[in-house]
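A short worksheet on the structure shown next.
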Number of protein chains: 2
Amino acid sequence: MKEKAAPEKAVPPKQTDMLLRQFIGYNMKRAYLQIQDDMAETLEPLGLRIGTFSALAVIMASPGISQTQLSEVLNIKRSGVVVVVDDLERAGAVQRTPVQTDRRAYALQVTPAGKALWARAEQAVQAHEAALFADLDADERRALQDLLVRAARSGAKHRKGTDG
Amino acid sequence: MKEKAAPEKAVPPKQTDMLLRQFIGYNMKRAYLQIQDDMAETLEPLGLRIGTFSALAVIMASPGISQTQLSEVLNIKRSGVVVVVDDLERAGAVQRTPVQTDRRAYALQVTPAGKALWARAEQAVQAHEAALFADLDADERRALQDLLVRAARSGAKHRKGTDG
DNA sequence: TATTGTTATACTCTATAACTATA
DNA sequence: TATAGTTATAGAGTATAACAATA
């Protein structure tokens, strides 16, 4: 199926991305893309995407949050939040409830159905990650978590562009 | 400018993504997105994007590589490689040279100008990462690198979808 | 028949800008 | 005038599908 008399093999495959392996950004991207598709597949049977899963988690943890606040936590624009919340509302998982003190804003709430959905989704993703990172033991996973959080924090602090 | 009498503060900001922090995927995404924009800004004055930077690195390390091979290393489709190579060729950084043994294929080569460009880009990104991850010491950066590589490898091994 | 590179097209995610209704 | 949510639109990145030239 792929044995065509080995017609050159000009490239030793182990070294092709040698120059990229030195960069944290490259390894981070590889690792993330590796799990992204799998994650989407895990959530699909629950009617969730990565974006709606994340939003649901945040509203679970912060009932009454506004869409603008949600956009800040998720690091996306308010216009993007609309689509995500529309999706969750259509699925019956969250509700836009009026805010008495500010009639422009909505307080987002997770419905009972949404809470049940979250419980299932959280468990599915936990199982998914346990399987995906089976080659790392608990200590290593903790270490990775810690380093990722600190790397993100360090990155945020030393950015050149906006908000230094 | 943003002090409107603190009109509820319904959400304690430290806990909003509490339920997401448990997931490696979430922390990986956060960390990666944190550096992605900065990376793009670092490369822009050199006329490179993350995609063309990566391709240039691979062709540097593997002169004569074909576009199909490049697509495998970069984990993108052949149709996507065309755009990237077009871009690098237009910039005078790489060349499509004919392959005598297979007239369908091109052997990709980095031009002298491309090699000079790579040297500058590599240095710029090294400096960029050194600044961005200043809060991690050398040991911690090595540990992060190692864990990311192993996480990606573990992920690739345990995927459910294609190629188990 | 299968493969290389190519084109055309579509889809996802996100950003920008303009609008409305409130404040 | 500024802000919350909304809409329309556009861009980047990548995917799929079909094609010509070659194997």
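In what follows, every chain begins at residue 1, and chains take the letters A, B, ... in the order their sequences are listed.
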Exercise for review: Assign each of Leu33(B) and Val85(B) to its nearest nucleotide of DNA chain C by heavy atoms, then name whichever residue's nucleotide is nearer the 5' end.
Suggested key: Val85(B)
Exercise for review: Figure out the CG/P separation between Leu108(B) and dG5(C), and round it to whole Å.
Suggested key: 7 Å
Check your understanding: Out of dA15(D), dT4(C), dT14(C), which nucleotide sits closest to the side chain of Ser79(B)?
Key -> dA15(D)
Exercise for review: Enter the distance from Gln34(A):CD to Ser154(B):OG here, rounded to the nearest 0.5 Å.
Suggested key: 9.5 Å
Practice item. Verify, without hydrogens or angle tests, whether Gln22(B) (side chain) and Leu19(B) (backbone) share a donor-acceptor contact under 3.5 angstrom. Key: yes
Study note, to complete from the structure: Comparing nearest nucleotides in DNA chain D, the 5'-proximal residue of the pair Gln100(B), Gly51(B) is Gly51(B)
Exercise for review: Nearest whole angstrom, please: distance from the P of dT14(C) to the CD of Gln36(A).
Suggested key: 9 Å
Exercise for review: Round to the nearest Å and state the distance from Lys77(B) atom NZ to dT12(C) atom P.
Suggested key: 17 Å
Check your understanding: Which nucleotide sits closest to the side chain of Lys29(B): dG5(D), dT14(C), dG13(D)?
Key -> dT14(C)
Revision key, fill the gap. Heavy-atom nearest nucleotide on DNA chain D taken for Asn75(B) and for Tyr106(A); more 5' hit belongs to Tyr106(A)
Practice item. Spell out, as yes or no, whether a donor-acceptor pair under 3.5 Å connects the side chain of Ser62(A) to the backbone of Ile65(A). Key: no
Review point. Whole Å only: how far is the CG atom of Asp37(A) from the P atom of dT12(C)?
Key: 13 Å
Point to revise | Selected nucleotide, minimal atom distance to Ile76(A) side chain, candidates dA15(D), dA15(C), dT4(C) | key: dA15(C)
Review point. Can you check whether Arg96(B) has a side-chain N or O nearer than 4.0 Å to OP1 or OP2 of dT6(C)?
Key: yes
Point to revise | Shortest side-chain distance from Arg49(B), nucleotide among dA21(C), dG5(C), dG13(D) | key: dG13(D)
Exercise for review: Report yes if a donor N or O on one partner sits less than 3.5 Å from an acceptor N or O on the other, where the partners are the side chain of Arg78(A) and the base of dA4(D); otherwise report no.
Suggested key: yes
Review point. Roughly how many Å is it from CD in Glu72(A) to C1' in dA4(D), rounded to a whole number?
Key: 12 Å
Exercise for review: Assert yes or no for the condition that the ring centre distance of Tyr26(A) to Tyr32(B) is strictly below 6.0 Å.
Suggested key: no
**Study point:** Presence of Gln67(B) side-chain N/O under 4.0 Å of dT6(C) phosphate oxygens OP1/OP2
**Key:** yes
Review point. So, does Ser54(B) use its side chain to make a donor-acceptor pair with the main chain of Ile50(B) at under 3.5 Å?
Key: yes
Review point. Quick one: Leu74(A) CG to dT14(C) P, roughly how many Å, whole number?
Key: 9 Å
Point to revise | Nearest-angstrom distance from the residue atom CZ of Arg104(B) to P of dT22(D) | key: 10 Å
Practice item. Take atom OH of Tyr32(B) and atom C1' of dC13(C), then tell me their distance rounded to the nearest Å. Key: 14 Å
Review point. What nucleotide, of dT7(D), dT7(C), dA4(D), holds the atom closest to the side chain of Val82(A)?
Key: dT7(D)
Practice item. May I ask you to say what Arg103(B) touches in the nucleic acid, namely base, sugar-phosphate or nothing, with a heavy-atom cut-off under 4.0 Å? Key: sugar-phosphate
